[in-house]
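The next block holds one structure in the form of structure tokens; read it before the comments.
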Amino acid sequence: MFGFGKRKKVATDNAIYAPVTGQVIDLSKVSDPVFAQKAMGEGLGVKPSDGKIVSPVAGAVTMVAGTKHALGFTMANGLEVLIHMGVDTVDLKGAPFTVSVKPGDIVNGGDAIATIDLDQIHDANLDDVIIVVFTNSADKLDHLDVTTGETTAKAKIGMVTVKI
């Protein structure tokens, strides 16, 4: 049990879930060089085919960016997770995003967390890739195993193992 009160029981497995329906890609193939070069940590990208975003992990919501383009989570195993919706979408000042969680909320992998108006991102000539990174992977992550290719939101696409 995750020590965040009795609001909701959180899975303590180390599964990674597809945050959106689309194409899972290796992090090195995302268009943002900071993420592609793993400066923010290990992770993955998903090219979305719709705008319904779900939590990629079970954990506590720790951060919602003021511009709603990024959310942070902490898993029961201590891994810190960032989901970044689109590249350079901070410039859109929150317009395409509707976020349904807040810091302190407990989510399970696959729970609905946000929606994105992909047309607004495309109209701004921005990349809509959804990026998931483990920001403390240098300290905590032992191994990340992710299956690339077509997926549906909520599908289990990988596992993490943490350093002991």
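Computed from a predicted structure; not experimentally measured. Numbers here are sequence positions counted from 1. Computed over heavy atoms, backbone and side chain alike; hydrogens, waters and symmetry mates excluded.
For the pair I130 and I116, the minimum side-chain heavy-atom distance is below 4.5 Å. Side chains of P48 and L118 form a contact here, defined as non-hydrogen atoms less than 4.5 Å apart. A heavy-atom distance below 4.5 Å is not found between the side chains of M40 and I131. Here the side chains of L27 and E42 are not in contact, with every heavy-atom distance at 4.5 Å or above. Residues L71 and M85 meet the side-chain proximity criterion, which asks for heavy atoms closer than 4.5 Å.
Contacts classified as side-chain hydrogen bond (donor to acceptor under 3.5 Å, both in side chains) and involving residues 90-102 (residues at least two apart or in different chains) are given here: K102-D105. Pairs engaging residues 155-164 under the side-chain hydrogen bond (donor to acceptor under 3.5 Å, both in side chains) rule: none recorded [sequence neighbours left out].
A distance of 10.0 Å separates OG1 in T152 from CD1 in I157, rounded to the nearest 0.5 Å. Here CD1 of I16 is found 4.0 Å from CZ of F134. Values are rounded to the nearest 0.5 Å.
Not counting sequence neighbours, E80 has no partner by the salt bridge (Lys or Arg N to Asp or Glu O under 4.0 Å) test. With sequence neighbours left out, A112 forms a side chain to side chain contact (heavy atoms under 4.5 Å, CB included) with no residue at all. The side chain to side chain donor-acceptor pair (under 3.5 Å) test applied to D119 returns no partner, not counting sequence neighbours. Applying the ring pair (Phe, Tyr, Trp, His ring centres under 6.0 Å) rule to F35 yields the partners H84; only residues at least two apart in sequence or on another chain are considered. For D50, the side chain to side chain contact (heavy atoms under 4.5 Å, CB included) partners two or more places apart in sequence, or in a different chain, are V20, T21, K52. Listed by chain and residue number, V87, D127 satisfy the side chain to side chain contact (heavy atoms under 4.5 Å, CB included) test with S31 (two or more places apart in sequence, or in another chain).
Nearest heavy-atom pair, P56 versus V81, reported as atom, atom and distance to 0.1 Å: CG-CG1, 4.4 Å. Taking each heavy atom of P19 and V46 in turn, the nearest pair found is CD-CG2, 3.8 Å. The nearest pair of heavy atoms linking A36 to V30 is CB-O, 3.5 Å. The shortest non-hydrogen separation linking V107 to S55 is CG2-OG, 3.5 Å.
Under a hydrophobic-cluster definition in which Ile, Leu, Val, Met, Phe, Trp and Tyr are linked whenever side-chain heavy atoms come within less than 4.5 Å, directly or via other members, L44 and V160 are assigned to the same cluster. Cluster annotation: V34 and V133 are assigned to the same hydrophobic cluster (Ile/Leu/Val/Met/Phe/Trp/Tyr, side-chain heavy-atom contacts under 4.5 Å, transitive). There is a path of hydrophobic side-chain contacts, each under 4.5 Å, that joins V132 to I53. Y17 and I25 end up in different hydrophobic clusters when Ile, Leu, Val, Met, Phe, Trp and Tyr side chains are linked at under 4.5 Å. Put simply, V129 and I113 are part of two different groups of oily side chains (I, L, V, M, F, W, Y) that touch within less than 4.5 Å, one to the next.
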Check: residues 138-151 side-chain donor-acceptor pairs under 3.5 Å, at least two apart:
none

Mind listing the side-chain donor-acceptor pairs of residues 59-68 below 3.5 Å, one per line with the distance, residues two or more places apart or on another chain?
unit_1: T62; atom_1: OG1; unit_2: G72; atom_2: O; d: 3.2
unit_1: T62; atom_1: OG1; unit_2: F73; atom_2: N; d: 3.4
unit_1: T67; atom_1: OG1; unit_2: H69; atom_2: ND1; d: 2.6

Before you tell me yes or no, could you show the steps for N136 and L79 under side chain to side chain contact (heavy atoms under 4.5 Å, CB included), namely the whole-Å CA-CA distance, both residues' side-chain angles and the distance that decides it to 0.1 Å? CA-CA 6 Å; N136 62 346; L79 282 171; 3.7 Å; yes
